[in-house]
K.L.:
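Can you read through this structure? Questions will come right after.
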Amino acid sequence: MPPAVRRLLIVHHTTSPTLQELFEAVRSGATTDEVEGVETVTRAALRATAVDVLECDAVILGTPANIGYMSGALKHFFDTVYYPCLEETRRLPYGLYVHGNNDTGGAVRAVESIATGLGWERAHLPVTVTGAVSKDDLTACWELGATVAATISPV
């Protein structure tokens with residue numbers, strides 16, 4: 001009997017061409033042929049639901065850094081899913097990518113604080129990008145997607 005397919009959820013707030021590039025690199029890594037047995041599902045932060053989280057085996061979060069914090073859309077996502085997922089998703093592997101023009105520290109701290117409250121476990125260090133995107137940034141995002149997917153691969 002083949003192993004069950006695992007599900008990776010990417011919840012993102014993609015508000016600019018820069019964030020679109022990062023999102024596409026993460027998704028490309030998550031869907032690489034090198035990782036088998038993982039289905040990747042993407043949801044915009046304002047559309048993602050508690051059911052999406054309850055049905056996944058890992059999550060990657062993407063956000064701009066807005067005024068030293070995560071985007072309002074990602075905060076809304078957390079507000080929506082926190083209590084319905086609190087007990088059911090403990091130890092859920094997660095990853096994070098953040099883009100900011102000047103600083104990403106506040107956004108990373110905020111997301112990690114909420115993820116810790118949910119009992120989620122970081123599967124990869126956050127990928128933070130400040131300013132223009134470089135080839136190294138895209139590679140780091142690809143590796144984020146591939147690593148988190150590999151973490152839950154049944155193969």
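None of the values given here were measured: they were computed from a predicted structure.
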K.L.:
Kindly write out the residues that satisfy side-chain hydrogen bond (donor to acceptor under 3.5 Å, both in side chains) with Gln20, not counting sequence neighbours, or none if the list is empty.
P.N.:
Glu24
K.L.:
Only counting residues at least two apart or in another chain, list the ones meeting side chain to side chain contact (heavy atoms under 4.5 Å, CB included) with Thr80.
P.N.:
His76
K.L.:
Just grab all the salt bridge (charged side-chain N to carboxylate O under 4.0 Å, His left out) pairs involving residues 109-118, residues at least two apart or on different chains.
P.N.:
Glu112-Arg122
K.L.:
Let me have the donor-acceptor pairs involving side chains of residues 86-95, under 3.5 Å, with sequence neighbours excluded, atom names and distances please.
P.N.:
| unit_1 | atom_1 | unit_2 | atom_2 | d |
| --- | --- | --- | --- | --- |
| Thr89 | OG1 | Cys85 | O | 2.7 |
| Thr89 | OG1 | Trp120 | NE1 | 2.9 |
| Arg90 | NH1 | Leu118 | O | 3.4 |

K.L.:
According to side-chain hydrogen bond (donor to acceptor under 3.5 Å, both in side chains), who are the partners of Ser113, at least two apart in sequence or on a separate chain?
P.N.:
none
K.L.:
Which heavy atom of Val38 sits nearest a heavy atom of Ala149, and at what distance?
P.N.:
CG2-O, 3.5 Å
K.L.:
Could you list all the ring-ring contact (aromatic ring centres under 6.0 Å, His included) pairs where at least one residue sits in residues 40-73, not counting sequence neighbours?
P.N.:
none
K.L.:
Which residues pass the side-chain hydrogen bond (donor to acceptor under 3.5 Å, both in side chains) test with Thr14, not counting sequence neighbours?
P.N.:
His12
K.L.:
On a heavy-atom basis, which atom in Ala45 and which in Phe77 lie closest, and how many Å separate them?
P.N.:
O-CB, 3.6 Å
K.L.:
What side-chain donor-acceptor pairs closer than 3.5 Å can you find for residues 49-68, not counting sequence neighbours?
P.N.:
| unit_1 | atom_1 | unit_2 | atom_2 | d |
| --- | --- | --- | --- | --- |
| Thr49 | OG1 | Val51 | N | 3.3 |
| Thr49 | OG1 | Asp52 | N | 3.2 |
| Thr49 | OG1 | Asp52 | OD2 | 3.3 |
| Asp52 | OD1 | Arg43 | NE | 3.3 |
| Asp52 | OD2 | Arg43 | NE | 3.4 |
| Asp52 | OD2 | Thr49 | N | 2.9 |
| Glu55 | OE1 | Arg7 | NH1 | 3.2 |
| Asp57 | OD1 | Arg6 | NE | 3.3 |
| Asp57 | OD1 | Arg6 | NH2 | 3.3 |
| Asp57 | OD2 | Arg6 | NE | 3.4 |
| Asp57 | OD2 | Arg7 | N | 2.7 |
| Thr63 | OG1 | Ser71 | N | 2.9 |
| Thr63 | OG1 | Ser71 | OG | 3.3 |

K.L.:
Side chain to side chain donor-acceptor pair (under 3.5 Å): which pairs involve residues 98-107, sequence neighbours left out?
P.N.:
none
K.L.:
Hey, any chance Leu22 and Val111 share a hydrophobic cluster, counting ILVMFWY side chains that come within less than 4.5 Å of each other, even indirectly?
P.N.:
no
K.L.:
Would you list the pairs meeting salt bridge (charged side-chain N to carboxylate O under 4.0 Å, His left out) in which at least one residue belongs to residues 124-134, sequence neighbours left out?
P.N.:
none
K.L.:
Could you note down all residue pairs passing salt bridge (charged side-chain N to carboxylate O under 4.0 Å, His left out) where residues 26-37 supplies at least one of them, sequence neighbours left out?
P.N.:
none
K.L.:
Return all side-chain donor-acceptor pairs below 3.5 angstrom for residues 132-148, not counting sequence neighbours, or 'none' if the list is empty.
P.N.:
| unit_1 | atom_1 | unit_2 | atom_2 | d |
| --- | --- | --- | --- | --- |
| Ser134 | OG | Asp136 | N | 3.3 |
| Ser134 | OG | Asp137 | N | 3.1 |
| Ser134 | OG | Asp137 | OD2 | 3.1 |
| Asp137 | OD2 | Ser134 | N | 2.9 |
| Thr139 | OG1 | Lys135 | O | 3.1 |
| Trp142 | NE1 | Ser28 | OG | 3.4 |
| Thr147 | OG1 | Glu143 | O | 2.7 |

K.L.:
Among the clusters formed by ILVMFWY side chains lying less than 4.5 Å apart, do Val11 and Tyr82 turn up in the same one?
P.N.:
yes
K.L.:
State, to 0.1 Å, how close Ala110 and Met70 come at their nearest heavy-atom pair, and which atoms those are.
P.N.:
CB-CE, 3.6 Å
K.L.:
Can you measure from CG (Leu96) to CG (Leu74) and round to the nearest 0.5 angstrom?
P.N.:
8.0 Å
K.L.:
Taking Thr32 for the side chain and Val35 for the main chain, is one N or O donor matched with an acceptor at less than 3.5 Å?
P.N.:
no
K.L.:
To the nearest 0.5 Å, what is the distance between NE2 on His13 and CZ on Phe23?
P.N.:
12.5 Å
